[in-house]
Amino acid sequence: MCNIIQHGLLDPEPLTEVDEEMVSEVDLYNTVTDEEREEILSELTKLEEEISTLRQVLASKEKHHSDLKAKLGITPLSELKQNFNRSWYDMQTSTAYKKTSETLSTAGQKTSAAFTTLGTAISRKFGDMRNSPSFKSFEEKVESTVSNIKQTKVGSQGGGGSFEEVLSSAAHASAQETPSNNLSESSDHERTC
């Protein structure tokens with residue numbers, strides 16, 4: 001390669017703008033004679049005419065095609081629906097869809113079983129907790145407090161009432177009492193609860 005550059009066959013200098021313009025003006029197809037050029041132009045004209053004719057024939061065939069579909073009652077919407085149904089069927093019968101469906105079904109069954117097991121465990125734990133001595137003690141204290149409130153209100157009002165009514169009236173009565181008179185009593189009462 002060095003020998004070629006040294007002998008002047010390849011110029012080591014880059015092309016200048018003038019050189020590039022000269023290269024772009026060279027007509028590589030200038031080797032065609034005038035007679036050959038006329039033949040090529042004639043053939044090109046014939047091809048363009050054939051393409052135009054084929055487009056007209058295609059347009060005529062497409063019109064005839066749509067007319068036949070219209071006579072059969074096939075609308076673009078029904079074709080779209082048919083294509084969608086066919087695609088949906090093809091997808092459902094595909095191996096990937098079947099595998100995914102089976103996987104999701106299995107996952108759903110396992111999730112359902114896990115929730116059932118969790119629900120059973122929670123129910124059992126609540127049952128155990130309700131039967132525990134500490135819960136029974138708490139339950140007895142709540143019942144005792146409710147009974148005391150009812151007895152207090154029955155004695156002062158002369159009547160009974162539902163649990164909600166008793167609690168509401170007790171809250172109303174305690175709100176009306178002055179905090180300075182009842183401070184030590186409410187502290188004692190809270191400690192017993």
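Only a predicted model underlies this, so the values are computations on that prediction, with no experimental measurement involved. Positions are given from 1, in the same order as the sequence printed here.
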Item to complete: Mind checking side-chain contact (heavy atoms from CB on, under 4.5 Å) for S132 and listing every partner two or more places apart, or none if nothing turns up?
Response: S134, F135
Worksheet entry | Distance-minimising heavy-atom pair for K98 and Q92 | CG-O, 3.9 Å
Discussion item. To the nearest 0.5 Å, what is the distance between OG1 on T33 and CD on E39?
Written reply: 7.5 Å
Worksheet, complete the sentence: Apart from Y97 itself, its cluster of hydrophobic side chains linked below 4.5 Å comprises W88, M91
Worksheet entry | side-chain hydrogen bond (donor to acceptor under 3.5 Å, both in side chains): pairs with one or both residues in residues 106-119, sequence neighbours excluded | none
Fill in: Test item: E38 and S42 side chains (from C-beta on) under 4.5 Å apart, heavy atoms
no
Worksheet item: side-chain contact (heavy atoms from CB on, under 4.5 Å) with E102: which residues, sequence neighbours excluded?
Response: none
Fill in: From CG (L68) to NZ (K63), nearest 0.5 Å
10.5 Å
Discussion item. Measuring from atom OG of S78 to atom CD of Q82, what distance do you get when rounded to the nearest 0.5 angstrom?
Written reply: 7.0 Å
Practice prompt. Kindly say whether E48 contributes a backbone atom to a donor-acceptor pair with the side chain of S52 at under 3.5 angstrom?
Written response: no
Worksheet entry | Partner residues of D90 under the side chain to side chain donor-acceptor pair (under 3.5 Å) criterion, sequence neighbours left out | none
Practice prompt. Would you mind listing the cluster partners of I74? Hydrophobic ones only (ILVMFWY), side-chain contacts under 4.5 Å, chaining allowed.
Written response: L72
Worksheet item: Is there a side-chain contact between K69 and E79, using heavy atoms and a 4.5 Å cut-off?
Response: yes
Practice prompt. Give the intermediate values and the outcome of salt bridge (charged side-chain N to carboxylate O under 4.0 Å, His left out) for residues K71 and D67.
Written response: CA-CA 6 Å; K71 285 182 182 178; D67 290 345; over 6 Å; no
Worksheet item: Just by distance, do the side chain of S144 and the backbone of E140 share a donor-acceptor pair under 3.5 Å?
Response: no
Worksheet item: Would you call L118 and I122 a side-chain contact if the rule is heavy atoms closer than 4.5 Å?
Response: yes
Worksheet entry | Heavy atoms of other groups near E43 CD, more than 12 under 6.0 Å | no
Worksheet item: Between atom OG1 of T53 and atom CG of L58, what is the distance when rounded to the nearest 0.5 Å?
Response: 12.5 Å
Discussion item. Atom CD of residue position E143 - does it have more than 12 heavy atoms of other residues, nucleotides or ligands inside 6.0 Å?
Written reply: yes
